[in-house]
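Have a look at the structure below, then the notes.
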Amino acid sequence: YFDSDIIVVDNISEFLSNESDFIASSYTMNMLSDVLAGSYNDDRNHLFNAGVLSISKKYLNNQTYDNLIKLANSRYWSGNQQILNHFFQKKCDLVSQQYNLTTDQITPTNIHNAKVYHFVGNNKIWNPGSYISKFDSGILRSIGLSYCSQLLKIYRQCCESISMS
């Protein structure tokens with residue numbers, strides 16, 4: 001599964017050929033550390049961002065569907081991501097963040113290693129206009145204008161390569 005607000009910029013065959021039953025990219029390194037330490041249990045945190053997932057036939061069935069609906073109806077959730085994290089937290093195999101690098105998690109270390117960029121927030125990089133229309137204010141503050149500019153360059157290069165195909 002791929003959200004509609006992502007771009008794939010590099011080979012992801014390793015992700016696609018992984019045979020685990022449920023695969024997602026770790027959402028933050030802090031959360032990954034918590035998981036490895038066995039202390040992840042807070043529903044308000046996300047183990048993974050649900051924008052890129054691989055789900056095997058083991059979970060693509062009526063029983064999983066019914067259990068997810070039951071969980072969704074059990075209390076108020078802010079979207080599907082918390083439900084999926086809660087349900088799959090002990091069933092999920094985490095892979096590198098390079099397969100789902102959300103724009104709010106950009107760092108000097110990971111910006112050029114990503115294979116998939118996920119443009120989170122209401123404003124999207126393909127919107128016309130200035131940076132304010134392309135990136136939410138929280139993302140502009142958290143990663144800075146320099147990294148937003150680098151993302152814009154990566155996005156434009158991706159668009160150019162697609163149009164030349």
Worksheet item: What do the steps show when you test T64 against N67 for side-chain hydrogen bond (donor to acceptor under 3.5 Å, both in side chains), and what is the final call?
Response: CA-CA 5 Å; T64 300; N67 287 336; 5.8 Å; no
Discussion item. Hydrophobic clustering (ILVMFWY, side-chain heavy atoms < 4.5 Å, transitive) - are L84 and I6 grouped together?
Written reply: no
Worksheet entry | From NZ (K124) to OG (S4), nearest 0.5 Å | 7.5 Å
Worksheet item: Which heavy-atom pair separates V116 from Y99 by the least distance, and what is that distance?
Response: CB-O, 3.2 Å
Worksheet item: How close do L94 and S25 get, heavy atom to heavy atom, and via which atoms?
Response: CD2-C, 4.2 Å
Discussion item. Looking at every non-hydrogen atom in both residues, tell me the closest pair between G51 and N49 and how far apart they are.
Written reply: N-OD1, 2.8 Å
Worksheet, complete the sentence: Value for CG (L140) from CG (N123), rounded to nearest 0.5 Å, stands at 8.5 Å
Worksheet item: Just how far is it from atom CZ of F15 to atom CG of N18, taken to the nearest 0.5 Å?
Response: 7.5 Å
Worksheet entry | Transitive ILVMFWY side-chain link Y131 to V120, under 4.5 Å | yes
Worksheet item: Counting only heavy atoms not in Q157, do more than 12 fall under 6.0 Å of its CD?
Response: yes
Worksheet item: OG/S146 to CG/L151 distance, rounded to the nearest 0.5 angstrom?
Response: 10.0 Å
Discussion item. Less than 6.0 angstrom separating the ring centers of F22 and F48, yes or no?
Written reply: yes
Worksheet, complete the sentence: Here the gap from H86 atom NE2 to L47 atom CG, rounded to the nearest 0.5 Å, amounts to 12.5 Å
Worksheet entry | Heavy-atom pair with the smallest gap, counting every atom of T107 and N110 | N-OD1, 2.7 Å
Worksheet item: Is there a side-chain contact between I125 and Y117 (heavy atoms, below 4.5 Å)?
Response: no
Worksheet, complete the sentence: When T103, N100, D104 are each screened for side-chain hydrogen bond (donor to acceptor under 3.5 Å, both in side chains) with H118, the one that passes is N100
Discussion item. Could you tell me if the side chain of I143 sits less than 4.5 Å from the side chain of C148, heavy atoms only?
Written reply: yes
Item to complete: Compare every heavy atom of G121 with every heavy atom of D136, then report the nearest pair and how far apart it is.
Response: OD2-CA, 2.9 Å
Practice prompt. Determine the minimum heavy-atom distance between P128 and S133, stating which atoms define it.
Written response: O-OG, 2.7 Å
Fill in: Transitive ILVMFWY side-chain link F87 to I55, under 4.5 Å
yes
Discussion item. Please tell me whether L68 and Y1 are part of a single hydrophobic cluster in this structure, the criterion being side-chain heavy atoms less than 4.5 Å apart.
Written reply: yes
Worksheet item: CD1/I12 to CD/Q98 distance, rounded to the nearest 0.5 angstrom?
Response: 11.0 Å
Worksheet item: Would a distance-only check, ignoring hydrogens and angles, find a side-chain to backbone donor-acceptor pair under 3.5 Å from N61 to Q63?
Response: yes
Discussion item. Hydrophobic clustering (ILVMFWY, side-chain heavy atoms < 4.5 Å, transitive) - are L101 and F135 grouped together?
Written reply: yes
Worksheet item: For the residue pair F88 and Y59, is the inter-centroid distance of their aromatic rings smaller than 6.0 Å?
Response: yes
Worksheet item: Parallel, tilted or perpendicular: which fits the ring planes of W126 and F119, with parallel below 30° and perpendicular above 60°?
Response: perpendicular
Discussion item. Would you say that more than 12 heavy atoms from the other residues, nucleotides or ligands in this model lie under 6.0 Å from the CD1 of I132, or not?
Written reply: no
Worksheet item: Which pairs count as salt bridge (Lys or Arg N to Asp or Glu O under 4.0 Å) when at least one residue sits in residues 52-61, sequence neighbours excluded?
Response: D21-K58
